[in-house]
Amino acid sequence: MPLDEYTPFATTVAGVQSQCSGGAPDFPVVETTIGAVHTAMLAGNLTCTQLVSAYVQRIYQYDSPGPNAYRILSPTLVKDAAAKDAELLALRATGQSLPSLFCVPMSVKDNIDISGVATTAGAVALLDNIATADAPVVTAIKRAGAVVLGKVSMSEWAYSSYTSVGSVFGTVRNVYALDRQSGGSSGGTGSSVAANLALIGLGSDTGGSVRDPSATGIVPLDASRDTAGPLGRTMADVAIVLGAIVGADPADALTTRYIPAANVPSNYTQFLNASALQGARIGVLNHLYNASVATQNINDIFAQSLTLMTQAGATIVQNVRITGNSLGDVDLAANMTLNDTRAWYTGYGAAGKWESMTSCAPQFRYDLEAYLATHNSHYKSLQDIANDGLYHPTSDSRLRMNLVQGINYGTPADYPTPAQQAQGLVCGCGDFFTNKCRLALRQALIGTMDALKLDLMVYPSFLDPPRFVGDDLGPVGEPAGWWVSPMAGVPASVVPMAFDDSMPVGLPTSMQMIARPFAEPTLISIGYAFEQLTKFRRYPAAFPECSGPKGAYTLAGTTG
């Protein structure tokens with residue numbers, strides 16, 4: 001089967017459990033790491049073609065009856081792997097080290113441009129949106145030696161953080177329980193990496209404004225907050241990818257202004273410190289999640305994780321609240337509850353108002369059309385896409401709301417409208433430096449951490465199990481703290497906690513960590529220490545190593 005004709009097949013339990021029997025890979029890839037792959041290559045025990053073949057075999061045999069993560073494989077995989085093999089021979093002959101991502105097979109979210117492949121953002125309307133150039137983040141991983149396996153599915157338009165459902169490829173499923181959803185919007189990336197259908201992957205999150213999507217090849221949701229980043233199985237692999245993609249982007253004024261001044265490192269593996277919990281001060285944002293709403297098991301798992309940190313030498317500071325308000329007389333903590341962490345009180349006394357930091361009504365329509373204006377899709381407006389109905393039904397209400405708001409409010413520069421400004425509204429649109437409320441939150445967060453001498457702040461990522469496939473309304477237990485990092489423009493990472501084995505099928509849980517601006521080294525060091533202490537990560541049992549005659553599978557798509 002040609003690599004560019006990847007299509008879905010029927011989903012059955014038997015298929016998931018018995019598909020991958022066309023040949024054992026030359027190199028076992030289940031739970032492998034970048035370091036292990038490079039060690040094998042330098043020792044002459046692994047070629048790039050063998051490694052890529054192993055992942056392609058798993059994708060063909062496991063993905064369709066399993067997570068349904070991939071939309072399309074790269075049409076140049078055979079050529080790319082062969083080129084890396086020639087490069088590997090030359091590097092070994094001269095005793096040189098390998099580039100940081102040399103022949104690392106990566107999945108890439110389908111809102112990120114890859115030259116020669118459609119960028120759909122999960123929407124049928126953009127199937128003709130063939131990119132003519134790589135997004136800078138893709139250029140960066142390729143420069144470091146990575147091989148792009150293909151594009152993975154996502155929540156259409158990145159609308160949902162709970163599900164990954166789109167009109168192009170349906171639903172991405174949870175690899176630990178295939179009747180449940182994968183989360184969103186980078187569900188395809190997450191599922192592909194978790195099931196070892198990629199060594200590591202690229203996703204995106206609507207936060208931080210590290211890269212302006214309309215300028216840098218990412219279909220935008222909100223250009224003031226969208227950012228790309230790695231999803232991996234180990235903190236070491238994530239650190240390697242972060243080192244490859246970090247840096248100022250000439251097309252993004254925000255990064256060119258602030259990243260050089262922050263003296264951002266190019267190598268994050270130097271911060272992998274297994275002893276980093278010793279002496280660390282970690283604050284718990286208790287009021288941003290409600291234990292009575294959470295399943296008791298997840299709440300208990302989170303408490304146990306804090307105990308493990310304490311035993312490793314960390315000091316846990318409970319009941320931390322981000323305090324302060326430079327724009328009004330009501331402290332931020334007064335409204336940072338489970339119900340809303342996105343509002344800021346602007347003004348004083350009875351004349352003051354609660355104002356949303358996330359409300360920028362015309363943002364999506366404006367940013368999407370700015371992207372479409374420079375790309376190949378014949379659709380150039382959100383109105384035309386809406387008129388033709390080329391989007392998933394679950395996107396309908398959000399898309400039409402964005403359309404109406406975009407028409408009524410004009411551009412982000414027009415918001416708040418003169419009438420709203422006359423009412424005292426000041427937040428507006430913009431990044432975490434130009435939006436007054438986001439800047440105030442950022443300053444309050446730093447001030448709170450400084451006052452308490454905190455290295456990190458933490459909370460559980462979700463308080464309920466993932467939704468079942470087809471359930472778009474069930475509880476997800478999203479803590480209010482989920483909005484802190486995107487709104488303040490500060491770095492965050494997610495690390496595995498223990499599995500919730502109270503479910504019929506054990507489901508993973510995780511903890512989110514938040515740090516000061518440009519404190520990624522702290523996130524990496526403490527996250528790595530927690531990972532090494534606990535070893536909570538385990539691969540989904542439905543996707544074991546392929547079996548059969550060794551090396552029988554080739555990139556041509558045949559089995560021996």
Side-chain angles (χ1 to χ4, degrees), residues 1-4 6 9 15-70 72-89 92 98 101-108 145-150 152 175 189 191-201 232-234 236-237 240 537-560:
M1 181 184 295
L3 291 176
D4 59 353
Y6 179 68
F9 298 95
V16 174
Q17 294 177 341
S18 63
Q19 279 289 318
C20 202
S21 58
D26 292 287
F27 181 83
V29 297
V30 171
E31 300 298 276
T32 195
T33 64
I34 295 173
V37 163
H38 284 180
T39 297
M41 286 182 173
L42 288 174
N45 297 326
L46 176 65
T47 68
C48 188
T49 294
Q50 289 171 332
L51 181 65
V52 173
S53 294
Y55 283 104
V56 171
Q57 178 188 19
R58 292 180 64 80
I59 292 167
Y60 272 123
Q61 302 300 329
Y62 279 148
D63 186 48
S64 289
N68 192 40
Y70 279 86
I72 188 171
L73 296 183
S74 170
T76 62
L77 268 180
V78 174
K79 180 181 69 174
D80 294 344
K84 295 299 178 188
D85 285 337
E87 187 178 348
L88 177 60
L89 287 174
R92 291 185 63 225
L98 300 181
L101 294 179
F102 183 82
C103 190
V104 172
M106 296 183 65
S107 58
V108 175
V147 172
V148 174
L149 285 170
V152 284
V175 298
T189 309
S191 287
S192 68
V193 174
N196 291 275
L197 306 183
L199 207 167
I200 196 167
R233 294 185 298 273
T234 69
D237 285 354
I240 293 170
R537 158 73 190 173
R538 69 187 192 217
Y539 74 87
F543 307 96
E545 200 77 68
C546 291
S547 60
K550 185 175 182 180
Y553 191 88
T554 72
L555 271 181
T558 61
T559 56

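This structure is a prediction, so every number in the text was calculated from the model and none was measured.
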**Student:** I need the minimum non-hydrogen distance between V147 and C103, along with the two atoms involved.
**Tutor:** CG2-CA, 4.0 Å
**Student:** Between T32 and P28, what is the shortest heavy-atom contact and its length?
**Tutor:** CB-O, 4.0 Å
**Student:** Find the distance between NE2 (H38) and CD1 (I240) and round it off to the nearest 0.5 Å.
**Tutor:** 7.5 Å
**Student:** OG of S74 to NZ of K79: how many Å apart, nearest 0.5 Å?
**Tutor:** 8.5 Å
**Student:** Given 3.5 Å as the limit, does a donor-acceptor pair link the side chain of R58 with the main chain of A195, or not?
**Tutor:** yes
**Student:** On a heavy-atom basis, which atom in A198 and which in Y70 lie closest, and how many Å separate them?
**Tutor:** CB-OH, 3.5 Å
**Student:** Please tell me if the side chains of N45 and T39 come closer than 4.5 Å, counting only heavy atoms from C-beta onward.
**Tutor:** no
**Student:** Does T47 have any side-chain contact (heavy atoms from CB on, under 4.5 Å) partners at least two apart in sequence or in another chain, and if so, which?
**Tutor:** T49, Q50, D85
**Student:** Please report the interatomic distance CE(M106) to CD1(I200), rounded to the nearest 0.5 Å.
**Tutor:** 6.0 Å
**Student:** What I'd like to find out is whether the side chain of S53 reaches to under 4.5 Å of the side chain of F27, using heavy atoms alone.
**Tutor:** no
**Student:** Nearest 0.5 Å, what's the OH-CG distance between Y55 and L149?
**Tutor:** 8.5 Å
**Student:** Report yes if some heavy atom in the side chain of L199 is under 4.5 Å from a heavy atom in the side chain of I34; otherwise report no.
**Tutor:** yes
**Student:** Say whether, by atom type as modelled, one donor and one acceptor occur between the side chain of Q57 and the main chain of G23 under 3.5 angstrom.
**Tutor:** yes
**Student:** Would you mind reporting whether L88 and C48 have side-chain heavy atoms less than 4.5 Å apart?
**Tutor:** no
**Student:** So, taking the atom named CD1 in I59 and the one named CG in L77, what distance separates them when rounded to the nearest 0.5 Å?
**Tutor:** 8.0 Å
**Student:** Parallel under 30°, tilted from 30 to 60°, perpendicular over 60°: which one fits the rings of Y60 and Y553?
**Tutor:** tilted
**Student:** So, using side-chain hydrogen bond (donor to acceptor under 3.5 Å, both in side chains) as the criterion, who are the partners of S107 when residues are at least two apart?
**Tutor:** S192
**Student:** What closest approach, in Å, do V175 and A194 show between heavy atoms, and which atom pair accounts for it?
**Tutor:** CG2-CB, 3.7 Å
**Student:** For a 4.5 angstrom cut-off between non-hydrogen side-chain atoms, does F543 reach N196?
**Tutor:** no
**Student:** Could you give all pairs that pass the salt bridge (charged side-chain N to carboxylate O under 4.0 Å, His left out) test and reach residues 21-39, with sequence neighbours left out?
**Tutor:** E31-R233, E31-R537
**Student:** Counting C-beta onward and ignoring hydrogens, is there a side-chain heavy-atom pair between L51 and K84 closer than 4.5 Å?
**Tutor:** no
**Student:** From Q61 CD over to C546 SG, what is the distance, rounded to the nearest 0.5 angstrom?
**Tutor:** 7.0 Å
**Student:** Is there a side-chain contact between V37 and V104 in this structure, where contact means two heavy atoms from C-beta onward sitting under 4.5 Å apart?
**Tutor:** no
**Student:** For residues L42 and R92, report the shortest heavy-atom separation together with the two atoms involved.
**Tutor:** O-NE, 3.3 Å
**Student:** Between Y62 and P544 (side chain of the first, backbone of the second, donor and acceptor by atom type, cut-off under 3.5 Å), is there such a pair?
**Tutor:** yes
